[in-house]
Amino acid sequence: MLVRIGLLTDGGYPYATGESRLWCDRLVRGLAQHEFDIYALSRSAQQEDHGWIQLPAQVQRVRTAPLWAPEDDGHTYGRRERRRFVGHFAELAAAVCGPGEGFADGLYGLAELARERGGLYAALRSELAVRALESACRAPGARRTVHAATVPDYLAFADQLERALRPLSLDWYGDDGLGAVDLCHAASGGSAALSGLLAKRFFGVPLLVTEYGVQLRAHYLAASEGELTAPVRALLAAFQGRLAAEVYAQASVITPGNTHARRWQEKCGADRAKLRTVYPGMEADRFAAVGDGDDSGDGHTLVWVGRFEPAKDLIALLHAFAEVRKEEPQARLRMFGAPVHGPEAATYLAHCKALAAQLFPDEAADAHAVGDNPVSFEEIGGPEAPELADAYASGGVVILSSVVEGFPISLVEAMFCARATVSTDVGAVVEVIGGTGLVVPPRNPRALADACLALLRDTERRERLGAAARARALELFTIEQNLTAFRGIYLELISHSPVKREAVDEDGEPLPFAHPAEAHVPGHWTGGGAASSGRTPRWADNQDRGGGLVGAAVTPKEARA
């Protein structure tokens, strides 16, 4: 059965940089029997400058919109439209500042106004919006934090809100856009899923939401590190929370990538009956040569793979290795990371190298060479850098020392390579490991060192845990299991929520008998695969032979639907 899917992304696919692009690309390529329309929001000019990845033939169209640049359509409101805008915006603002009632009414009211009249960009940044926001912040029942907001806070929040609500003003909501798809699949919550909410509102298109990293959690973490004032942060957090709750309420199915994400979604009001964990699919074949081989790696070498950033807590890892080195003088630590970009990451890497030189003064850590140095910092992805699989193969134990982690991709890669692992108990680590590795508390170098020593000294245990880890990874975390899960969910949603559209001919005139009763009855005689291959469905053949109108009225595309 051919299904037309509207894939909604935010800051990722089909761009060459950004989040979720890899699993989205694997999903689209793996489900070649369906058609995909991509609706993508971009996050920066740099992302757009890098262009798109090469798209497969099943991608029928790509429509994009920036969230980083002004999008003023030049429309302004008359008296009647201003009155409508103030009413809807006041509802939304009151819900953000207070108990939360009326958020959906205000959101969809603004969406309908934008669809009919445009002009939402200017209205959200107008004095009318600021006054409505001020009234909501000072109204009885508003939260204490927002009571302290001032005019600069209102303006800052209005700017952030306009960007978040920009999908309301896009020209995606028509019969040639999201109205033509059978299913919307949002690759994240937040602004990407907002387009799916409107497709369901305007056309009844079912919505599927996938979150491998919960968008609301990411927003909370980003807001705490920014330069916004406390009232603005509180307003943004409340808005994102209300939006997440509405997305979860309207979604037909929600697919968290792990139990950690699932708990977040439940706390935000997601119905457990809608939740289905679908682990991200990863390329097992890339690590097959290491995982299937007999070489269990250097039993004296610990391996770390990841990005050089504070969340990985490499400081604790280096202190832990100093304790390991005291008891096992032959031990080594090889740290593999992607090329560093940005001043913050470069500063952190320099700090780690300085600490390594301080902890091992007689054996100063070098940036590339391994040799006799107990610690090495090595780059992956360069012309002379080792391949990722070779990095895991170089040691007998793989370490994850993070203090913040979502789905631990490097841990799964190590499991594909049949390596024993030592990890900190963060994010979805325990769920991924499932008893095939050692887990210790985060920010505890002594516990991390003890776990590493236990595996370094026990070859048989390392091999046993590595074999179990590979078996678990092949069962749960392959691309095949991911595709199988989504293939079933797509067909289930279409069968429960068929989208009914008026059939028209090339001139836009209605086609009589275009959707006969037989077309909605399950069974092989309704067309199915025959129609998708260009052959006339059986029931159409019968009608043609009888001289009826049904066979002549239905095109192969409509028969597939």
Side-chain angles (χ1 to χ4, degrees), residues 67 77 81-114 119-169 189-194 197-198 201 214-250 264-270:
L67 291 184
Y77 291 154
E81 286 79 16
R82 287 199 299 269
R83 189 181 301 115
R84 284 180 62 187
F85 169 78
V86 170
H88 298 317
F89 185 78
E91 283 186 297
L92 186 142
V96 169
C97 297
E101 299 177 0
F103 179 84
D105 292 337
L107 179 69
Y108 296 126
L110 291 175
E112 291 168 359
L113 178 60
L120 202 57
Y121 173 88
L124 287 171
R125 295 171 178 269
S126 66
E127 184 179 354
L128 291 174
V130 173
R131 288 179 178 177
L133 186 58
E134 181 180 14
S135 298
C137 288
R138 297 184 177 181
R143 287 189 299 277
R144 182 182 304 175
T145 309
V146 302
H147 268 295
T150 60
V151 172
D153 296 326
Y154 304 143
L155 294 174
F157 176 64
D159 176 72
Q160 296 288 331
L161 185 62
E162 186 278 322
R163 294 173 186 270
L165 293 180
R166 193 166 293 175
L168 302 185
S169 302
S191 295
L194 190 53
L197 289 180
L198 300 193
R201 178 81 173 187
V214 179
Q215 192 78 4
L216 182 60
R217 175 178 177 271
H219 171 80
Y220 287 161
L221 293 174
S224 64
E225 299 173 357
E227 299 179 355
L228 300 173
T229 63
V232 177
R233 291 200 304 269
L235 289 169
L236 286 174
F239 168 77
Q240 294 292 342
R242 302 284 185 263
L243 179 58
E246 179 63 16
V247 168
Y248 296 152
Q250 297 301 326
W264 267 87
Q265 292 166 342
E266 289 182 0
K267 289 180 179 179
C268 293

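Computed from a predicted model, the values in this text were never measured in an experiment.
Partners of Glu134 under the side-chain hydrogen bond (donor to acceptor under 3.5 Å, both in side chains) rule, at least two apart in sequence or in another chain, are Arg138. Considering only residues two or more places apart in sequence or on other chains, Glu101 meets the side-chain hydrogen bond (donor to acceptor under 3.5 Å, both in side chains) condition with none of them. By the side-chain hydrogen bond (donor to acceptor under 3.5 Å, both in side chains) test, Arg83 pairs with no residue at all, sequence neighbours left out. Under the rule for a side-chain contact (heavy atoms from CB on, under 4.5 Å), the partners of Ala114 that lie at least two apart in sequence or sit in another chain are Leu120, Ser169. For Tyr108, the side-chain hydrogen bond (donor to acceptor under 3.5 Å, both in side chains) criterion is met by Glu246, not counting sequence neighbours. Partners of Arg82 according to the side-chain contact (heavy atoms from CB on, under 4.5 Å) rule, which considers only residues two or more places apart in sequence or in another chain, are Tyr77, Arg79, Leu128. Listed by chain and number, the residues in a side-chain contact (heavy atoms from CB on, under 4.5 Å) with Ala90 amount to none (sequence neighbours excluded).
Leu67 is listed as a side-chain neighbour of Ser191, based on a closest heavy-atom distance under 4.5 Å. Residues Leu194 and Leu107 have side chains in contact (heavy-atom distance under 4.5 Å, counting atoms from C-beta outward).
Nearest heavy atom pair, residue Leu197 against residue Gln250, reads CD2-CB, 3.5 Å. Between Phe89 and Ala129, the shortest heavy-atom distance links the atoms CE2-O, 3.3 Å. Across every non-hydrogen atom of His88 and Leu110, the tightest pair is CB-CD2, 3.8 Å. Residues Ala123 and Phe85 come closest through the heavy atom pair O-CZ, 3.3 Å. Counting all heavy atoms, side chain and backbone alike, Cys97 lies closest to Ala136 at CB-O, 3.6 Å. Of all the heavy atoms in Leu124 and Glu162, the pair that sits closest is CD1-CA, 3.9 Å.
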Side chains of residues 144-159: which donor-acceptor partners sit under 3.5 Å, not counting sequence neighbours?
from   : atom 1 : to     : atom 2 : distance (Å)
His147 : ND1    : Cys137 : O      : 3.3
Thr150 : OG1    : Asp153 : OD2    : 3.2
Asp153 : OD1    : Thr229 : OG1    : 2.7
Asp153 : OD2    : Thr150 : N      : 3.0
Tyr154 : OH     : Ala149 : O      : 3.3
Asp159 : OD1    : Arg125 : NH1    : 2.8
Asp159 : OD1    : Arg125 : NH2    : 2.8

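In this structure, the separation between CG on Leu92 and CG on Leu165 is 6.5 Å, given to the nearest 0.5 Å. From Tyr248, atom OH reaches atom NZ of Lys267 across 12.5 Å, with rounding to the nearest 0.5 Å. How far CG of Leu228 is from CD of Gln160: 6.0 Å, rounded to the nearest 0.5 Å.
With hydrogens and angles ignored, the 3.5 Å screen pairs a side-chain donor or acceptor of Arg143 with a backbone N or O of Val96.
Pairs engaging residues 102-114 under the salt bridge (Lys or Arg N to Asp or Glu O under 4.0 Å) rule: Glu112-Arg201 [sequence neighbours left out].
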